[in-house]
Amino acid sequence: MITEQLAELTRSALKGAIADGAIQVEAPETIAFERPKRREHGDWATNVAMILAKEAGARPRDVAAAIVDRLPASEFVEVVEIAGPGFLNFRLSSVWLHDVVRRAADPSSGFGRAAQSSGLKTNVEYVSANPTGPTSVVLGRHAAVGDAMAALLEAVGHEVTREYYFNDAGRQVIQFALSVDARYRQSLGIDAAFPEDGYHGEYVTEIAAALREEVGEDLLTLPDEERIERVRRFAVPLIMGSIQATLERFGTTFNVWFSEARLHERGEVMAAIDKLREKGLIEELEGAIWFLSSRLGDDKDRVVVRSDGTPTYFAADLGYVLDKFARGFDDLIYLWGADHHGTIPRLMAAAEALGFERSRIRIPLVQTVRLVRGGEAVKGSKRAGVIIPLDELIDEVGADAARYTFLTRSIDAPLTFDIDQVTQQNAENPVYYVQYAHARICSILRKAEEQGVRFDPDARLEQMTHPSEESLMRKLATYEEIVPESASQLAPQKITRYVEELAGQFSSFYRDCRVVSDDRELTLARIALCVATRNVIASGLGLVGVSAPERM
RNA sequence: GCGCCCGUAGCUCAGCUGGAUAGAGCAUCGGACUUCUAAUCCGAGGGUCGGGGGUUCGAAUCCCUCCGGGCGCGCCA
């Protein structure tokens with residue numbers, strides 16, 4: 001990456017200055033570069049002189065001068081200026097700019113992606129909704145964010161596993177099975193009571209009807225417990241299938257579907273509790289078994305096995321984290337809803353107690369989705385049966401627009417999803433703006449091909465001198481920095497934003513510069529720039545799971 | 001009461017581990033299609049970055065405090 005090269009040059013100059021006795025400081029470990037907001041401040045700037053000034057007991061601009069005087073020559077750097085309070089502003093050369101365009105235009109160069117594997121295996125677990133109802137719009141945000149994070153981590157060289165954890169063992173599933181069972185029996189004319197905390201959705205009745213279709217009245221003769229179990233075994237896979245189908249329609253596919261029940265069956269939950277017991281972190285009180293998580297930073301201790309002998313959801317978490325690390329992952333990402341933030345300290349405490357560093361776990365929290373329809377907030381409650389199914393949203397706005405909308409905002413910000421607005425968002429949604437730029441480039445390239453002009457990787461890029469061409473090239477160049485930045489911060493909204501800016505730069509270029517013209521040399525150069533831009537738009541859209549159409 | 005997140009243009013939101021004159025889209029107003037896609041482009045107006053302290057060469061960004069909003073604080077998940 002260019003910032004690394006610039007940091008290397010600067011470090012070398014700084015060492016020279018120290019060796020010469022020009023400034024007396026310790027060379028810093030990292031020299032940070034940032035993109036100045038203003039064009040005239042160059043392509044990259046560093047504040048290293050200002051940071052060192054205090055320690056050196058010198059004025060920032062003098063420190064800067066000592067560095068600039070000793071900067072090694074580089075074909076990529078055109079000029080370095082000392083500006084403002086002591087910034088070093090680097091203006092890069094066209095050699096660098098053209099190198100960027102050539103690499104971006106070449107699909108095999110892996111532009112924007114890590115040159116080599118990081119050697120790290122990362123598990124990204126997301127969505128992970130209970131198999132008790134269809135996938136809601138809320139989970140669509142999770143799916144979009146999780147997919148983008150996974151893609152970003154792959155782009156920086158990690159080996160990523162996308163995982164969905166489903167609670168097919170807990171109380172919620174029992175409630176769900178009881179709900180279906182009640183509807184099943186009611187449909188057979190029995191006056192069955194509906195469970196108090198049951199699931200009221202229409203889909204419950206539909207599943208019950210499907211069950212009746214399948215088995216008729218056969219289950220009625222079974223004892224309650226057995227019948228409920230039969231209902232559960234019928235209903236849960238049905239729901240899981242529908243969740244999976246919806247997510248696939250949305251463009252989300254998981255590598256691993258992880259069952260909580262299997263975790264219990266394999267004894268991993270109890271193994272985790274035993275491990276904690278060995279460390280003296282388990283205590284029995286009032287018939288329940290507690291994990292003393294408060295000793296590791298949690299607010300209070302947590303029950304892992306209830307007094308009735310059944311393990312809690314949190315107990316499964318213990319086994320699960322153990323299982324994940326046992327599978328060889330270096331880093332775990334749990335993408336959770338913000339309403340689960342209170343459970344972070346206990347999971348971290350558990351991980352630490354089980355012997356894993358907290359830094360290996362990251363838990364980004366996705367804020368709520370507020371649904372608005374007809375100007376009024378829609379309260380989403382799965383149990384009350386009021387949800388907006390993700391399927392419905394896909395029908396109305398399409399997977400691309402929905403996905404993109406979910407990813408334009410920071411995950412920390414609550415998202416107001418106005419169904420009506422997004423529905424009529426046809427031409428106003430920025431996703432179409434970006435896709436349009438891509439389609440337009442494809443159209444130009446088709447036109448060029450009709451006239452017998454094809455992309456030539458050896459095109460003479462120095463033919464391009466217009467400011468719009470230069471701006472576009474510079475915007476392309478920042479992609480290599482945006483991707484790792486976005487990945488390390490787990491901030492996919494930076495990609496949607498970047499891709500909009502890139503599309504905007506392209507539109508300006510399109511206005512100012514005719515690509516296919518009589519000037520063959522210039523035409524070839526501009527085609528190369530178009531190909532580079534098209535590739536980067538497609539790559540960026542790919543990271544956020546949105547298609548890049550060739551025609552619109 | 002305690003904890004987490006949010007408060008930036010009329011609206012929806014960006015703003016990276018503190019940087020130079022705070023940005024984008026939408027909306028509003030005014031312009032641009034015999035030319036490779038007008039789902040486009042160009043221009044204009046619009047701000048006490050919730051309030052107040054502090055840290056420093058420098059704060060929308062970090063710390064404290066207050067106000068306002070969301071979410072959580074179970075032997076639910």
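What you see is a predicted model, and the numbers here were worked out from it, not measured in a lab. Quick note on labels: first sequence line is chain A, next is B, and so on, each numbered from 1.
Taking the charged nitrogens against the carboxylate oxygens, A/Lys475 and A/Glu501 do have a contact shorter than 4.0 Å, which makes a salt bridge. Of the charged side-chain nitrogens involved, at least one lies within less than 4.0 Å of a carboxylate oxygen, so that A/Glu125 and A/Lys324 count as a salt-bridged pair. Between A/Glu450 and A/Arg446 there is no salt bridge, since no side-chain N of the basic residue sits under 4.0 Å from a carboxylate O of the acidic one.
Within 4.0 Å of A/Cys513, counting heavy atoms only, lies at least one base atom of the nucleic acid. Counting non-hydrogen atoms under 4.0 angstrom, A/Glu260 reaches nothing in the nucleic acid. Here A/Ser488 lies out of heavy-atom contact (under 4.0 Å) with every strand. Residue contacts shown for A/Ala53 are absent, as no nucleic acid heavy atom lies under 4.0 Å away. Within 4.0 Å (heavy atoms only), A/Glu286 reaches at least one base atom of the nucleic acid.
The interatomic distance linking A/Arg511 (CZ) with B/rU35 (C1') rounds to 15 Å, in whole Å. A straight line from CG of A/Asp512 to C1' of B/rG43 spans 14 Å, rounded to a whole angstrom. Between the CE atom of A/Met552 and the C1' atom of B/rA38 there is a distance of 13 Å, rounded to whole Å.
Ring-plane geometry between A/His200 and A/Phe194 is classed as tilted, the angle between the planes lying from 30 to 60 degrees on a 0 to 90 degree scale. Taking the six-membered ring where tryptophan is involved, the planes of A/Phe258 and A/Tyr320 are tilted, since the angle between them lies from 30° to 60°.
Residues A/Ser517 and A/Asp519 bring no donor and acceptor atom of their side chains to less than 3.5 Å of each other.
Taking 3.5 Å as the limit, the base of B/rC36 and the side chain of A/Ser443 contain no donor-acceptor pair of atoms between them. On a pure distance criterion of 3.5 Å, a polar donor-acceptor pair joins the side chain of A/His341 and the base of B/rG3.
Between A/Thr343 and B/rG72 there is no side-chain N or O to OP1 or OP2 distance below 4.0 Å. Applying the 4.0 Å criterion to OP1 and OP2 of B/rU35, one finds that A/Lys447 has every side-chain N and O outside that range. Of the side-chain N and O atoms in A/Tyr510, one or more sit less than 4.0 angstrom from OP1 or OP2 of B/rA38. Taking only side-chain nitrogens and oxygens, A/Tyr404 never comes nearer than 4.0 Å to OP1 or OP2 of B/rG25.
The base-pairing partner of B/rU17, taking Watson-Crick or G-U wobble contacts with both distances under 3.5 Å, does not exist among the strands shown. Across all strands shown, the partner of B/rG30 is B/rC42, judged by Watson-Crick or G-U wobble contacts whose two distances both fall under 3.5 Å. With a 3.5 Å ceiling on both atom-pair distances, B/rA9 lacks any Watson-Crick or G-U wobble partner. In this structure, B/rG74 forms no base pair with any nucleotide, since neither Watson-Crick nor G-U wobble geometry is met with both distances under 3.5 Å. The partner of B/rA22 is absent, by the rule that a Watson-Crick or G-U pair needs both atom distances under 3.5 Å. The pairing partner recorded for B/rU48 is none, the criterion being a Watson-Crick or G-U wobble arrangement whose two distances lie under 3.5 angstrom.
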Where protein sits on nucleotides 10-21 of chain B, one letter per nucleotide: B base, S sugar-phosphate only, - none, heavy atoms under 4.0 Å: --SSBSB--BBB
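If A/Leu445 and A/Gly287 are placed on RNA chain B by their nearest nucleotide, the residue sitting closer to the 5' end is A/Leu445. The residue among A/Arg551 and A/Arg346 whose nearest nucleotide of RNA chain B lies closer to the 5′ end is A/Arg551.
Regarding the sugar-base torsion, B/rC57 falls in the anti class, its angle being beyond 90° of 0.
The side chain of A/Arg440 sits closest to B/rU40 out of B/rC36, B/rA77, B/rU40. Candidate nucleotides B/rC75, B/rA77, B/rC42 were compared by shortest atom distance to the side chain of A/Gln172, and B/rA77 ranks first. Of the candidates B/rA77, B/rU37, B/rC41, B/rA77 carries the atom nearest the A/His340 side chain, counting heavy atoms from C-beta on. Proximity note for A/Arg514 (side chain, C-beta onward) versus B/rA39, B/rC41, B/rU35: the nearest is B/rU35.
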Audit row: A/Asn167, A/Gln172, side-chain hydrogen bond (donor to acceptor under 3.5 Å, both in side chains) steps and yes/no: CA-CA 8 Å; A/Asn167 324 116; A/Gln172 294 308 325; over 6 Å; no
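A/Leu318 CG to A/Asp274 CG: the interatomic distance, rounded to the nearest 0.5 Å, is 11.5 Å. In this structure, A/Ile333 CD1 and A/Tyr126 OH are separated by 11.0 Å, a value rounded to the nearest 0.5 Å.
When the C1' atom is compared between B/rG25 and B/rC33, the two are found 24 Å apart, to the nearest whole Å.
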